[in-house]
Amino acid sequence: MPQLRRDSIIPRSRTATDQAETALLEQYTGLVRLAYLTLPAAFTRHRRVLLAHTAVQRALPGRRAAVVPAPRVPDGVEPAADALRVRILRTALSAAHRPTGWPAALPPPRILLPRLPVVWGLRLFPRSGGAEELALVRALSGASAAARAAFVLRHVDGLDADRATALLAAAGVTRAEAAVRESVGLDAEAGPAAAALLRSQEFDACSVQTRPTDLPRRARRTRAALAAGAVAVVAAAALLSPGSAPREEATDSGAPARASLGAGDLTRAEQDTWADTSRVDFTAWPARGDRTGDTALLDRALAAWAEPSGAVRVSRTPDTPADPAPRAPQLLFAGDVDGRTVVLLSDGERLARYTAPDGDDRARLALARVDDADVTTAAAVVLNRGHGFARYLTAPWIAEATTRDLLRPDAPGRPLDVSDDGVTDAVPVAPADGCTRRPVLQLRSSPRIVEDHSFLLADLGGLSPVHLTYTPLPGHGTPPPRQPREATGSQALVAWARTACRLQPWRGGAVRAVNAWDFAEQRLPQDAGRAVWSCVRASTWRGPGDVALLLRTPAAATEPARLVGRARATAACSRFGQHVVSGTRWRAPDGHWYLLAAGSRAVTRIEASGAVTESRPGRTLAVRAPERGAVRVAARLDTGERLQEAAPGQP
């Protein structure tokens, strides 16, 4: 592996400086991209754009430049370019460091950059990409800064793993090899198009859009600054006047903190935070509603969360803590909905919906986990449920809202009216019994954060609706590794039309997202048509997921798919359980029974034992079988590993 020695430096000659300047000008866009993606994902896009340009422009060596290790490079690699990368990485990585004693719960303090570039009165941010870029943004946001840097070095700069490790080590990364390995794990999120995605407009901090800052807020701050200046002048005059002396405050610095929080402690996001941050979730929601200034109401809501009395009915989703907020919550909404007063709060990990008492009914407090929410799972919250309907509060980044019935895939969505505060009209909900309709929300994000991004949300009884996605059959336009996509295309809607009725068992189970993965297609015996095997995975907010294995045989477009197995708390059908095999009995048109089995892409052989003993190469199996008797199905993968059924047996 090429080594970067710390006991050697690039000579600070005029020639070396000229070479570095030439390399910087020729590779400026790529160097800014490297800095932009390495900077902490929690920073706003505007701040990262400016910091990235500053890091690159300050990377040129000068009279007092920091010592930069000189790389021992193979032929064809320019030392000047590598030296720039090291300096840029050091600056970008240091942005995430906290000063000694800085609370871990708080983001790193802002870095004072006295040098150019400086922008006043405008917000800068790269142009939005598509759904694939958005998925990569989410993956990169969850990785470490060093892993993001390694990802860029490998895919954009074309460096191998050893060279990327050497550069990171020279930049001060103590576990450079681990960072490179972590970046390799991100390859599955981007697939073979990683380099093209990273060069797209979503990650180009040199081609940016501009928006003004919050003009009313600027005016308020200007007035506040002038008022504060006037108060300071008056206070100084009073202190300097004869006979005046500072009075000692009768306070006790060791006095205990207040027992509970009040309305004045609530945090509130600015109106346009959502359009200028890489963390598009509930933390970017502004406070909305016509009662956000009702101090008494907000105090009651906070008191109900801190110490719920017998007059408050508390409900919470599974594994959601009921303890008070550990810090001042954020106010998301306060207003009247359908004749009831609702307050919506967030502590960063949970939502709390307080509903004021109505007549003889008690006040209600509903709690739900929403940690690690994103642009889709933080797109809407249920404000109120009535008889057969629900009313939602949509995220500020939602540009268009419609409703549709999953059981009618060919019917177009119907426009849904949304108020200026983001409150929707009443939306029908799925009945508790039967499966006559399955209404869902179809929302579209604003192009200010992502272009052409529509997605589906289904109400399963929680505070936040569930994100529905779809993974099509192998070879149907999905190169490996396959990634769930939004379930808004015609193929996805047809698949969900026969899957929607299987969602009912997951109602109230703190489900975050449900993905329908069509993992195999099989020709049925006796020319009875083709069947599709699907693994439907419900991922919960708390981590574990449940799966339902379905078989869609030729039938009516909305006839529910046949349920052939279930499994709880499993990694099957997720990115950590990418292989699956399943089997079931099927009755042919002539009345004979068959054992059908199928496996995912990596399956090379299917084996049956018990009432049926058979072993055949391939990904599907169809053999005559008795009507009764236990049958166990297994498979062999292309690695030689043996795979057992994820959810054996007819449920």
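Basis for what follows: all heavy atoms, side chains included, without hydrogens, waters or symmetry-related copies.
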**Request:** Take Asp518 and Arg552, measure what salt bridge (Lys or Arg N to Asp or Glu O under 4.0 Å) needs, and give me the verdict at the end.
**Result:** CA-CA 10 Å; Asp518 290 346; Arg552 302 199 305 268; 2.9 Å; yes
**Request:** Taking the six-membered ring of Trp496 (Phe, Tyr or Trp), confirm whether the NZ or CZ of Arg498 is under 6.0 Å from its centre and within 45° of its axis.
**Result:** no
**Message:** Under a 4.0 Å threshold between the charged nitrogen and the carboxylate oxygen, would Arg291 count as salt-bridged to Asp336?
**Reply:** yes
**Prompt:** Would you call Asp338 and Arg340 a salt bridge, using N to O less than 4.0 angstrom?
**Reply:** no
**Request:** Step by step, work out the salt bridge (Lys or Arg N to Asp or Glu O under 4.0 Å) result for Asp459 and Arg385.
**Result:** CA-CA 11 Å; Asp459 183 8; Arg385 281 195 180 86; 2.6 Å; yes
**Message:** Using the rule given for side-chain hydrogen bond (donor to acceptor under 3.5 Å, both in side chains), can you reason through His467 versus Thr377, listing the C-alpha separation, both sets of side-chain angles and the distance that settles it, and then say yes or no?
**Reply:** CA-CA 6 Å; His467 182 206; Thr377 50; over 6 Å; no
**Prompt:** Regarding Arg48 and the six-membered ring of Phe43, is the cationic atom NZ or CZ under 6.0 Å from the ring centre and inside 45° of its axis?
**Reply:** no
**Complete:** Hits for ring pair (Phe, Tyr, Trp, His ring centres under 6.0 Å) against Tyr354, two or more places apart or cross-chain, chain-then-number order -> none
**Prompt:** Looking at Trp274, is Arg448 sitting on its ring face, NZ or CZ under 6.0 Å from the six-membered ring centre and within 45 degrees of the normal?
**Reply:** yes
**Prompt:** Can a cation-pi geometry be assigned to Arg566 and Trp506, taking NZ or CZ under 6.0 Å from the six-membered ring centre and within 45° of the ring axis?
**Reply:** yes
**Prompt:** Could Arg512 and Asp372 be called an ion pair, given the rule that one side-chain N must be under 4.0 Å from one carboxylate O?
**Reply:** yes
**Message:** Could you go through Val440 and Leu457, starting from their C-alpha distance and side-chain angles, then the distance that decides it, and tell me whether this counts as side-chain contact (heavy atoms from CB on, under 4.5 Å)?
**Reply:** CA-CA 6 Å; Val440 293; Leu457 298 178; over 6 Å; no
**Item:** Ring centroid separation His453 to Phe455 under 6.0 Å
**Value:** yes
**Prompt:** Please walk me through it: do Gln504 and Arg438 pass side-chain hydrogen bond (donor to acceptor under 3.5 Å, both in side chains)?
**Reply:** CA-CA 10 Å; Gln504 199 68 11; Arg438 281 294 179 266; 3.3 Å; yes
**Complete:** In short, salt bridge (Lys or Arg N to Asp or Glu O under 4.0 Å) pairs touching residues 411-428 with sequence neighbours left out are none
**Message:** Please report the interatomic distance CG(Leu345) to CG(Leu332), rounded to the nearest 0.5 Å.
**Reply:** 7.0 Å
**Message:** Looking at every non-hydrogen atom in both residues, tell me the closest pair between Thr292 and Arg288 and how far apart they are.
**Reply:** CG2-O, 3.3 Å
**Request:** With salt bridge (Lys or Arg N to Asp or Glu O under 4.0 Å) as the test, would you mind laying out the steps for Arg568 and Asp546 before giving the verdict?
**Result:** CA-CA 4 Å; Arg568 295 179 59 83; Asp546 301 341; 3.4 Å; yes
**Asked** Could you state the interatomic distance from OG1 (Thr376) to CG (Asp281), rounded to the nearest 0.5 Å?
**Response** 11.0 Å
**Polar side-chain atom of Arg537 near backbone of Thr570 as donor-acceptor pair, under 3.5 Å** = yes
